[in-house]
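Starting from 1, each residue takes its place in the sequence as its number.
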Amino acid sequence: MSDGVTAPAPDPYLAGLRLAGRRVVVVGGGAVAQRRVPGLLAAGADVTVVAPRLTPTLEPHATTGTITWHERTYADGDLDGAWYVLALTDDAAVNARVVAHAEARRVFCVRADDGARGTAVTPATGRQGAVSVAVLGGGDPRRAVAVRDGVVEAMREGRLDTLPRRPPRVQGATVALPGVAVVGGGPGDADLITVRGRRLLAHADVVVVDRLAPQGLLAELAPHVEVVDAAKLPRGRFMAQEAINACLVEHALAGRFVVRLKGGDPYVFGRGSEEVEACVRAGVPVTVVPGVTSAISVPGLAGIPLTHRGVAHEAVVVSGHLAPDDPGSLVDWPGLARLRGTLVLLMAVDRLPQIAEILLAHGRDPQTPAAVVQDGSLPTERVVTGTLAGIAGAATAAGVRPPAIVVVGGVVALRERLLPSSAPATAPGV
């Protein structure tokens, strides 16, 4: 320009590179390379790293052959056959040389120490399902990261709709997208559902919900979503399960996306496998989203770890919905009594006197610490502690009611040491 003012450089053009099977050269093996290489490998690139040293995280990739490592400084000819180049050393002169060599070969090159002097820029990237996001911050990497994080979080929470608009095709015929997602909602606190579970819930047309599922999530549903209370389906427990299965299949076959929202994890005494089986049998697409099982999370939130060095090297999760002498019980109670580790009993409040009695009769120490945690993770949580010999009476005296988790083992005694330090640690602004 005539006044001596330099015009700003044009904005970069964003594009997605298909690097699968193509040679990508990374010059430098430090912290920046450690951040970049996994994404290149995920894209299927044939990655060559040129560096005298690698970080401990990158070394296994070289050892296993996931990347090709030239253990030396950069040399002329290293870029031969490359489709994409990254100059990531801490030596400005080396990086400049790499960029020049790449430009001479008409190969795009990222320069980490001075992005404006490279011929490509690495955006802040994120992914949710099949949707990828790339953000350039106008020369401000932190701004790009902040925007990227906000967009990805919105997608994960369902605030941004990422449902596919183009249905897949099978042999030329369009197939239906809706199906059933069997989602574990965690122990009860709405914040403890998985990211994927929350996202699928936001896209549901129908939600079939358990009594033990996090009820607070229902308030976030759109007005058009039909909520089916599985706890109120008619004709008793076993017929109710059949009715739940039929409900899932019926809505899915009608073209609706159904979320079966359950407490805990669908496959830990949650009968999720029966529901999945019913969907598979009916030809309904189904996916399972694991949840934070109450068997682990509820004791942990109450300050009781299931294992601890020198205290418990095993933890067994047991259903107590049948009495020990019930012919239908599949539990080896005498065998459990001989274990030295932790017993976690689900659905055992009503049977706790009989369970304690059989454990004691087969050799478990009467003074073994025990606890009952009611309404774990919720504001109404209560914890009753005692010994195996007295826990049933203590729970009855305290008026404990289901849902509650029973823990038997030496780890219960750790609660006095761990609970003061188990106050929530909250990141700034959260």
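Contact annotation: the side chain of L217 approaches that of L201 to within less than 4.5 Å [non-hydrogen atoms, C-beta and beyond]. Within the 4.5 Å cutoff, no side-chain heavy atoms of V182 are placed close to those of T287. Between L418 and P305, some side-chain heavy-atom pair lies under the 4.5 Å cut-off. Within the 4.5 Å cutoff, the side chain of L346 has heavy atoms near those of the I405 side chain. Between L345 and I355 the shortest side-chain heavy-atom distance falls below 4.5 Å. Residues V207 and V228 fail the side-chain proximity criterion, which asks for heavy atoms closer than 4.5 Å. Looking at D205 and H224, their side chains come closer than 4.5 Å, going by heavy atoms from C-beta outward. At least one side-chain heavy atom of V121 sits less than 4.5 Å from a side-chain heavy atom of L136.
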Intermediate values then yes/no, side chain to side chain contact (heavy atoms under 4.5 Å, CB included), V24 and V85: CA-CA 6 Å; V24 174; V85 177; over 6 Å; no
CA sep, side-chain torsions, deciding dist, call: D78, R72, salt bridge (Lys or Arg N to Asp or Glu O under 4.0 Å): CA-CA 11 Å; D78 281 341; R72 55 171 171 76; 2.7 Å; yes
Salt bridge (Lys or Arg N to Asp or Glu O under 4.0 Å) between R256 and E226, intermediate numbers included: CA-CA 10 Å; R256 306 179 185 97; E226 180 180 351; 5.2 Å; no
Audit row: V227, V209, side chain to side chain contact (heavy atoms under 4.5 Å, CB included) steps and yes/no: CA-CA 7 Å; V227 177; V209 61; 3.9 Å; yes
Verdict with supporting geometry, V94 and T73, side chain to side chain contact (heavy atoms under 4.5 Å, CB included): CA-CA 9 Å; V94 172; T73 58; over 6 Å; no
Pair V27-L88, side chain to side chain contact (heavy atoms under 4.5 Å, CB included): steps then yes or no: CA-CA 6 Å; V27 182; L88 309 180; over 6 Å; no
D80 vs R23, salt bridge (Lys or Arg N to Asp or Glu O under 4.0 Å): CA-CA, chis, key distance, verdict: CA-CA 9 Å; D80 291 348; R23 187 169 189 256; over 6 Å; no
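Using a 4.0 Å cut-off between charged nitrogen and carboxylate oxygen, R340 and E314 do not count as a salt-bridge pair. A salt bridge does not link D229 to R211: none of the charged side-chain nitrogens sits closer than 4.0 Å to a carboxylate oxygen.
To the nearest 0.5 Å, the span separating CG on L54 from NE2 on H61 amounts to 10.0 Å. The distance from the NE2 atom of H313 to the NE2 atom of H308 is 9.5 Å, given to the nearest 0.5 Å. Atom CD1 of residue I67 and atom CG of residue D46 lie 11.0 Å apart, to the nearest 0.5 angstrom. The structure places CZ of R260 at 6.5 Å from CG of L248, a figure rounded to the nearest 0.5 Å. Distance CG/L200 to CZ/R196: 6.0 Å, rounded to 0.5 Å. Distance check: L359 CG to R338 CZ gives 11.5 Å after rounding to the nearest 0.5 Å.
Heavy atoms of other residues, nucleotides or ligands lying less than 6.0 angstrom from CG of L14 number more than 12. Counting non-hydrogen atoms of neighbouring residues, nucleotides and ligands closer than 6.0 angstrom, the CZ atom of R53 reaches no more than 12 such neighbours. In this structure, F108 places its CZ atom where only 12 or fewer heavy-atom neighbours from other residues, nucleotides or ligands lie under 6.0 Å away. Dense packing is recorded around CG of D149, with more than 12 heavy atoms of other residues, nucleotides or ligands lying under 6.0 Å away.
Side-chain contact, D189 with S377: no donor N or O sits under 3.5 Å from an acceptor N or O. Remark: the Q34 side chain and the T55 side chain contain an N/O donor-acceptor pair separated by less than 3.5 Å.
Taking every heavy atom of both residues into account, G28 and A51 meet most closely at C-CB, 3.7 Å. Of all non-hydrogen atoms in F269 and V317, the two that sit nearest each other are CE1-CG1, 3.7 Å. What you find for V249 and A282 is that their closest heavy atoms are CG1-CB, 3.6 Å. The two residues V411 and A312 make their nearest non-hydrogen contact at CG1-CB, 3.8 Å. Across P52 and W69, no two heavy atoms sit closer than the pair O-CZ2, 3.7 Å. Nearest approach of I193 to G184, heavy atoms of both residues: CG1-O, 3.9 Å.
Not counting sequence neighbours, the partners of E274 by the salt bridge (charged side-chain N to carboxylate O under 4.0 Å, His left out) test are R271. When the side chain to side chain donor-acceptor pair (under 3.5 Å) test is applied to H101, the partners found at least two apart in sequence or on another chain are Y74. Applying the salt bridge (charged side-chain N to carboxylate O under 4.0 Å, His left out) criterion to R127, with sequence neighbours excluded, gives no partner residue.
Between V258 and the options V286, L253, V284, V208, a side chain to side chain contact (heavy atoms under 4.5 Å, CB included) holds for only V208.
At least one donor-acceptor pair closer than 3.5 Å links the side chain of D140 to the backbone N or O of R143. Not one N or O on the side chain of T387 forms a donor-acceptor pair closer than 3.5 Å with the backbone of T368. Of the possible donor and acceptor atoms, none in the side chain of D210 sits under 3.5 Å from a partner among the backbone N and O of L212. Counting only distance, with no hydrogens or angles, the side chain of R382 and the backbone of A398 share a donor-acceptor pair below 3.5 Å. Under a 3.5 Å cut-off, the side chain of E275 and the backbone N or O of N245 do not form any donor-acceptor pair.
Judged by a 6.0 Å distance limit and a 45° cone about the ring axis, R22 is positioned over the six-membered ring of W83.
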